[in-house]
Each structure stands twice: as structure tokens, then as C-alpha cells.
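Just below is one structure, and these are the notes that go with it.
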Number of protein chains: 2
Amino acid sequence: MRANDLETIGNSFTGSYSYTLDAKGRINIPAKMRKALNPANDRTFMATRGADPCIVLYPVEVWQQIAAKLLSLNKRRALHRHYTRNIARYAEALQYDHQGRIALPAGLIDYAGIGKNVKIVGMIDHIEIWEPERLEESDNQYADQLDDLDTISDEIFSLPL
Amino acid sequence: MRANDLETIGNSFTGSYSYTLDAKGRINIPAKMRKALNPANDRTFMATRGADPCIVLYPVEVWQQIAAKLLSLNKRRALHRHYTRNIARYAEALQYDHQGRIALPAGLIDYAGIGKNVKIVGMIDHIEIWEPERLEESDNQYADQLDDLDTISDEIFSLPL
DNA sequence: ACGTTTGTGGGTAAAAGTGGGTAGAATTCC
DNA sequence: GGAATTCTACCCACTTTTACCCACAAACGT
């Protein structure tokens with residue numbers, strides 16, 4: 001096993017939690033997720049826009065792998081520069097305080113349409129922060145595509161281990 | 001992890017910030033970016049024209065790698081000399097003061113079309129300084145190429161880490 | 001039941017962002 | 001060459017924002 005694999009074992013996030021954003025824009029990170037975060041990350045997540053309309057938190061270790069891929073793009077190509085810009089510009093490192101909270105940037109709060117209540121969802125290697133109604137809408141949107149979900153399951157689990 | 005990758009961890013810039021140019025042509029560097037800049041750079045960035053119509057700031061360490069590549073070009077080929085000239089002629093070392101500001105050269109301010117307000121964008125290994133409307137125009141320019149951007153995603157994230 | 005952890009609220013000192021003054025260096029002009 | 005002028009690095013001042021701390025009630029585990 002490579003050292004890199006070992007580091008990542010801790011960073012496994014699951015479960016769904018309801019929390020509240022306080023007046024200062026801070027939000028609690030579930031204790032279980034704080035414990036799951038590898039200490040090498042120094043209590044720090046990279047927050048950015050999700051592909052879905054929510055906020056995504058990556059352990060810095062995971063983000064560094066994303067950043068490394070962005071650096072591998074050809075800087076002479078305008079489209080590649082734009083691609084990097086659109087990912088990097090919304091990303092910000094957030095370290096949680098001794099109460100276990102992070103302060104979400106206003107831009108990301110707007111993007112996710114977050115008010116006072118939020119849902120925090122574990123996504124194995126990262127975490128999603130949703131406005132509760134949006135999450136529900138998203139769920140409904142896929143409720144009539146259950147067959148497709150089965151297909152994805154088939155695809156994933158038929159892969160060689 | 002190679003030594004070169006390790007160096008880059010410190011000089012990793014993200015996020016986008018709105019700042020103002022003061023009457024003396026000075027602009028603040030976001031605190032998070034100042035902290036991200038490796039101390040070996042002695043609070044100094046190399047500023048030059050970007051390939052896009054904005055100002056680009058490189059940590060001197062990163063600039064030195066660019067300079068090394070330019071040196072490796074064939075000095076007997078006119079096109080190569082022209083390429084080197086256009087990068088080198090506008091480059092200037094800028095050290096930020098104890099308030100965290102750098103003084104932007106007038107030539108670069110003109111090139112980027114900067115007035116009072118600017119957007120500072122992290123690009124992982126370097127920083128861009130944009131006139132806000134130009135950045136928006138640039139974004140719109142790529143709005144109809146979402147498929148191409150998805151293609152980039154597929155290409156780089158399907159590769160093994 | 002009781003001590004401990006967790007989630008939430010809020011106060012305060014420090015840091016960040018912005019504006020402007022000034023003295024010495026560099027430049028210009030007679 | 002020397003005086004006048006511009007430039008620039010450095011400093012001080014002010015306002016806003018952030019980071020850090022204390023507090024407390026609810027939930028949890030034993």
C-alpha cells in the first residue's frame with residue numbers, strides 16, 4: 001500500500017445532519033466528520049461550489065490532488081485557463097475553530113441559497129452543505145429515474161476491484 | 001511526492017476578492033494569499049501581462065521556473081526571441097509593504113484596463129488581477145462552451161491519481 | 001444520575017483593508 | 001551644478017472584519 005492511500009483512509013464521511021447558520025455566517029461541522037478528518041489536514045477543509053447547487057468541502061489533502069490536476073493543464077490554452085479559474089476562484093481554505101465551526105464565505109452562502117437551516121451530507125471523500133429545500137428538490141428530481149440509479153450501480157460494481 | 005510538488009503546496013492561491021486601487025496605484029494583496037506565499041519569496045511577486053487581458057502575479061520562485069524555460073528556447077530563432085521579449089519586457093518585481101499592498105506599474109494598469117475596483121483571483125500557482133467588467137466579459141465568452149469544459153473535466157479526472 | 005461531549009450564542013482583542021503624511025531618493029530643468 | 005519637482009518607500013491613523021475566547025443548554029454515554 002502506498003503512503004498516499006494510507007493518508008486517505010481517515011477521510012471518509014457519511015451521514016446527514018441538520019444544523020443552523022449563526023449570525024456570523026458560521027456553521028458547525030458534525031463531530032463525527034471532524035473526527036473522520038485526518039489530523040494532517042490541520043482542521044482545515046477547502047470549500048467550493050459544487051456541481052450541484054450546494055457547497056462542497058474537501059479535506060485539503062483531497063483538494064491538493066485536484067489542484068495538482070489543474071496545474072497539469074496547458075496554460076497556453078485560453079479554455080484551460082478559464083477552467084482553472086472557474087474552479088480555483090470559488091475555493092477557499094476554512095479551518096474550524098475550537099467549537100468545531102467554520103465561517104462560510106458570503107459568496108458560497110449565496111450560491112447555495114442558504115438561509116438559517118442547512119443539511120450537511122457525507123459523500124465519502126467530501127462533504128456537501130445544502131439548503132434543505134434544494135436538497136429535497138434535487139431528490140425529487142431523481143425520484144423518477146430509479147432505473148438509471150440501478151444502471152449506475154451495475155456499472156460501478158461490475159468494475160474489477 | 002516529488003520535492004517540486006512540495007514547494008508548490010505553500011504557493012497555492014485560491015478564492016476571488018474585490019479590492020480597490022488607491023490614489024497612489026497601490027492595491028492590497030488578500031491576507032490569505034500573503035500567508036500562502038512562501039516566505040522564501042521575501043514578500044515579492046513578479047508582475048507581468050497575462051495571456052488574458054489582466055495582470056498576473058507569480059511568486060518569484062515560480063517566475064524563476066518560467067525564466068528557466070525561456071532560457072532554454074533557441075536564441076537564434078526570431079520567433080523565440082519575440083516570445084521571450086514579450087514576457088520579459090513587462091515583468092517587474094513587486095514587494096508588498098507592511099500594510100500588505102503592492103504598487104502596480106502604470107503600464108500594467110493600462111494593459112488590464114483597471115480603474116478603481118479590481119478582482120483578485122487565485123489560480124493555484126499564480127494570481128490574476130482583473131478589471132471586474134472584463135472578467136465578467138471573459139466569463140460570458142465561455143458560457144456557451146460548457147460541453148468543452150465538461151470534456152476537460154472528464155479528461156483530467158478520469159486519469160489515475 | 002452525573003460527568004462529558006456537542007451544538008449554539010455572543011463579547012472582545014487582534015488583524016485586515018483603506019486612506020493619507022512625510023522624508024529621502026531620483027529625476028528634471030534651468 | 002544646483003535648485004525645484006516628482007516619486008517612492010515607509011510610517012501613522014482609522015474603520016471594518018475576523019479570530020479567539022467564554023458561556024450555557026441540550027444531548028449523549030456509562
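First the proteins, then the strands, lettered A, B, ... as listed; each starts at 1.
- Residue N117(A) contributes atom CG, which lies 14 Å from atom C1' of dG7(C) at whole-angstrom precision.
- Screening Q95(B), E61(B), Q64(B) for a side-chain hydrogen bond (donor to acceptor under 3.5 Å, both in side chains) involving N41(B) leaves a single residue, E61(B).
- Phosphate contact (OP1/OP2 of dT6(C), side-chain N/O of K35(A), threshold under 4.0 Å): present.
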message: Show, in sequence, the C-alpha distance, side-chain angles and deciding distance for D125(B) and K75(A), and conclude whether the salt bridge (Lys or Arg N to Asp or Glu O under 4.0 Å) test is met.
response: CA-CA 11 Å; D125(B) 66 341; K75(A) 292 185 173 59; 3.4 Å; yes
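- Ring geometry, H82(A) versus Y142(B): the interplanar angle falls under 30°, so the pair is classed parallel (tilted spans 30 to 60°).
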- request: List the steps and the verdict of side-chain contact (heavy atoms from CB on, under 4.5 Å) for L57(B) and F13(B).
  value: CA-CA 11 Å; L57(B) 301 182; F13(B) 307 101; over 6 Å; no
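- D22(A) places a side-chain N or O within donor-acceptor distance of the main-chain N or O of K24(A), the cut-off being under 3.5 Å.
- I27(A) places its CD1 atom 15 Å from the C1' atom of dT6(C), with the value rounded to the nearest Å.
- Under the 3.5 Å distance criterion, the side-chain polar atoms of D42(B) are left unmatched by any main-chain donor or acceptor of T44(B).
- Chain B approaches DNA chain D within less than 4.0 angstrom (heavy atoms of the protein), and the contacting nucleotides run 5' to 3' from dA9(D) to dC12(D).
- Checked for salt-bridge contact, R89(A) and D139(B) meet the test: a charged N lies under 4.0 Å from a carboxylate O.
- Within the 4.0 angstrom heavy-atom criterion, no nucleotide atom of any strand lies near I102(B).
- Between R34(B) and dA15(C) there is no side-chain polar atom (N or O) within less than 4.0 angstrom of OP1 or OP2.
- Between the OH atom of Y96(B) and the P atom of dG17(C) there is a distance of 11 Å, rounded to whole Å.
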Identify all pairs in which a protein N or O lies below 3.5 Å from an N or O of nucleotides 8-11 of chain C, and state each distance.
{"residue": "dT8(C)", "atom": "OP1", "partner": "T20(A)", "partner atom": "OG1", "Å": "3.4"}
{"residue": "dG9(C)", "atom": "N7", "partner": "R101(A)", "partner atom": "NH1", "Å": "2.8"}
{"residue": "dG9(C)", "atom": "O6", "partner": "R101(A)", "partner atom": "NH2", "Å": "3.1"}
{"residue": "dG10(C)", "atom": "N7", "partner": "R26(A)", "partner atom": "NH2", "Å": "2.9"}
{"residue": "dG10(C)", "atom": "O6", "partner": "R26(A)", "partner atom": "NH1", "Å": "2.9"}
{"residue": "dG10(C)", "atom": "O6", "partner": "R101(A)", "partner atom": "NH2", "Å": "3.4"}
{"residue": "dG11(C)", "atom": "O6", "partner": "K24(A)", "partner atom": "NZ", "Å": "2.1"}

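- The distance from atom NE2 of H98(B) to atom C1' of dG17(C) is 17 Å, rounded to the nearest whole Å.
- Rounded to an integer number of Å, the gap from I29(B) CD1 to dT18(C) P is 11 Å.
- N11(A) places a side-chain N or O within donor-acceptor distance of the main-chain N or O of N38(A), the cut-off being under 3.5 Å.
- Between the side chain of R134(B) and the backbone N or O of C54(B), no donor-acceptor pair lies under 3.5 Å.
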